[in-house]
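Report on the structure given below.
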2 protein chains.
Amino acid sequence: MVKITDVARHAGVSPSTVSYALSGKRPISEETRQRIEASIRELGYRPHAGARALASSRSNVLALVIPLRAGIHVPVVMQFAVSVVTAARRHDHDVLLLTQEEGEEGLRRVADTALVDALIVMDVQLHDPRLPLLRSLDRPSVMIGFPQEPAGLTCIDLDFMAAGELCVERLAGLGHRVVALVGSPPEVYVRETAFAQRVVQGFTAAADRNGLTSSIHPCEAAPAAARRVAEQLLREQPALTGVVVHNEAILEPLIDAFEQLGLRVPGDLSITAICPDELAESLRVPVTSIALPSTELGARAVELLMKKLGGAAVPEATLLPPRLTERASTAPRDTP
Amino acid sequence: MVKITDVARHAGVSPSTVSYALSGKRPISEETRQRIEASIRELGYRPHAGARALASSRSNVLALVIPLRAGIHVPVVMQFAVSVVTAARRHDHDVLLLTQEEGEEGLRRVADTALVDALIVMDVQLHDPRLPLLRSLDRPSVMIGFPQEPAGLTCIDLDFMAAGELCVERLAGLGHRVVALVGSPPEVYVRETAFAQRVVQGFTAAADRNGLTSSIHPCEAAPAAARRVAEQLLREQPALTGVVVHNEAILEPLIDAFEQLGLRVPGDLSITAICPDELAESLRVPVTSIALPSTELGARAVELLMKKLGGAAVPEATLLPPRLTERASTAPRDTP
DNA sequence: TTGAAAGCGCTAACAT
DNA sequence: ATGTTAGCGCTTTCAA
């Protein structure tokens, strides 16, 4: 193995000069830098990550905790993870993958052993048991999602309340007077995942503000459940003309169910969704939707961590504004 | 930060004794071990990962390279990744996530800097540019998938050829005489991903062996493409009664298309698929399928790496035998 | 069964 | 602008 002393000898400088040339933490004359870089290339030198971490107390590794529970949409998690890795690499960091399953002990372990410098935690719940731990760790962290009590933590997410509102406002603007929200599976609400409830809040607030008749319908992530919800809606809300869907898994089956029940989209029923753009675009009837910006979230989360690692202050809360893309599933209400 | 010398002092032993108590690399008297463990708990000691890596030249981290290209089924990748992390943790290892995008340079970097002890590479192609690199690295690796020239490498995968055969054998056993394979998107074949071609080989061989009429149909991962393939099949192969599907994304749309074209499954058409069990189970017509054993693959890949890290020899090739689960999409041919 | 001590390869004061 | 050197915290010979 070629080490920094080898490079130093080869370039005729001291080890520290090589180190500083690599880190840029102090000025090096153009000439020596050239020589050092040539030696590095020639010898194929690679700094030893462990030695670096030990000497600098920086591992240049971030921990990413991914969820694997029911009711989460896998492609979104994946896209987020890829985005985190990509963004981390831009800052010369790597990403260690942890599963939710490892729990608090896993977080504590990688933080306390100095295996990672900072942590990103996905799928945060309103009363997440990891909150006190994250507050107590000596390493910075960013949470994707908002807990009830975010004080002292850094959180980022799509503004789901605004997203719920925006969906309704759009439907209201098109003249719809009776709307329904088809939401996440019941267990998502039961475990008090903040984002699901925030959509409900926004949806309800905007519906009330616009004087709309509204109702909420959690829905399992199965086509049969979508079908049941569709039937129930037609039965209980015959005047329904606007639906907001916040459940990736049943978006397609739900539209199918409506159409099989004789409702045309968007002729009889306008639909807006909160889901990844790729999903909204790919459906038979492309759906007007608010994007789940997983790529942006991942990148922004890493930026926040880098700032914190650099000693800079960052806002406790970052809410990404919803952006609605008009597609084929919405139309003005057919006023008789 | 509490370090090993603190623990040693607190327990009244030398640092090396603490180290050995932790690693188990030499016998420690029950009594001292107790004392050391008590001290560790009391002080909340956690060995510094970097220091450990430096002194032992073992980071206890594995690299996992995940693909992110078109034509791969995201949930399978995710399930595999989770399984790798879980298995790695059982062996006291962590997992560093790399994207395919980082390419060979990424692999070389994490290996040469000693950030990782070993590597797992997914989505291997027949002539994968990473092969020479992996052979040259001084760290063990396992590839998921089989390249053309696997000599000197360790590979593991589902036996896709046997899977293709098994699907056909099953259909033949049910009396079907004209069968078709609806395969992966064309780009998957173009980039010569081994597994897709192996299914074709197995399918064709078994069809020929059984004297069946057979045809191959790559298919894009879009419902419209599935529809087109269905129409084409009915047009060109009116006697078709058996279909093998090796394309997760269009399994459902393809069945829908067949049924919309007037063919009942399994009444008029029997279908077998190679796909994750969860997908096969969840369809409106549960599909007889050969499981894509991502969880087992992940675990087995880690086991192989651990053996190699332990200095043991492992087989160059590991093929997991296909297991077919009978569901509702297959029936004996309706012989008139 | 245990201890002493020499590194592992790098960074960052402290020098000059 | 560069060199010297003392650690970073652990593992592992070598010795007893």
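Here is how names work: the chains are called A, B, and so on, in the same order as the sequence lines, proteins then strands, and each is numbered from 1.
S29(B) and T32(B) share a donor-acceptor pair across their side chains, judged by distance under 3.5 Å alone. Side-chain contact of S19(B) with S16(B): a donor-acceptor pair under 3.5 Å is absent, judged by distance alone.
If you measure from atom CG of L54(B) to atom C1' of dG7(D), you get 12 Å, rounded to the nearest angstrom. Separating the OH atom of Y45(A) from the P atom of dG9(C) is a distance of 10 Å, rounded to the nearest angstrom. With rounding to whole Å, R52(B) atom CZ is found 10 Å from dT12(D) atom P. Protein atom CG of N60(B) is 19 Å distant from nucleotide atom P of dG9(D), rounded to whole Å.
Salt bridge status for R139(A) with D112(A): absent, with no side-chain N to carboxylate O gap under 4.0 Å. The existence of a salt bridge linking K3(A) and D6(A) is excluded, since no basic side-chain nitrogen approaches an acidic carboxylate oxygen closer than 4.0 Å.
Residues forming a salt bridge (Lys or Arg N to Asp or Glu O under 4.0 Å) with E296(B) (at least two apart in sequence, or on another chain): R300(B). In this structure F146(A) satisfies the ring-ring contact (aromatic ring centres under 6.0 Å, His included) test with no other residue, sequence neighbours excluded.
A side-chain hydrogen bond (donor to acceptor under 3.5 Å, both in side chains) check over residues 305-317 of chain A, counting only residues at least two apart or in different chains, returns the pairs T154(A)-K308(A).
In this structure, the helix from dT1(C)-dA16(D) to dT16(C)-dA1(D) shows an angle of 30° between the axis at its start and the axis at its end, each fitted on 5 base pairs and rounded to 10°.
Atom CD of E31(B) has 12 or fewer neighbouring heavy atoms from other residues, nucleotides or ligands inside a 6.0 Å radius. Applying the 6.0 Å contact sphere to CD of E101(B) captures no more than 12 heavy atoms from other residues, nucleotides or ligands.
The stretch residues 16-36 of chain A touches DNA chain C through S16(A), S19(A), Y20(A), K25(A), R26(A), each having a heavy atom under 4.0 angstrom from the strand. A heavy atom closer than 4.0 Å to some atom of DNA chain C occurs in G12(B), V13(B), S14(B), these being the qualifying members of residues 3-15 of chain B.
Between P321(B) and D159(B), every side-chain heavy-atom pair lies at or beyond the 4.5 Å cut-off.
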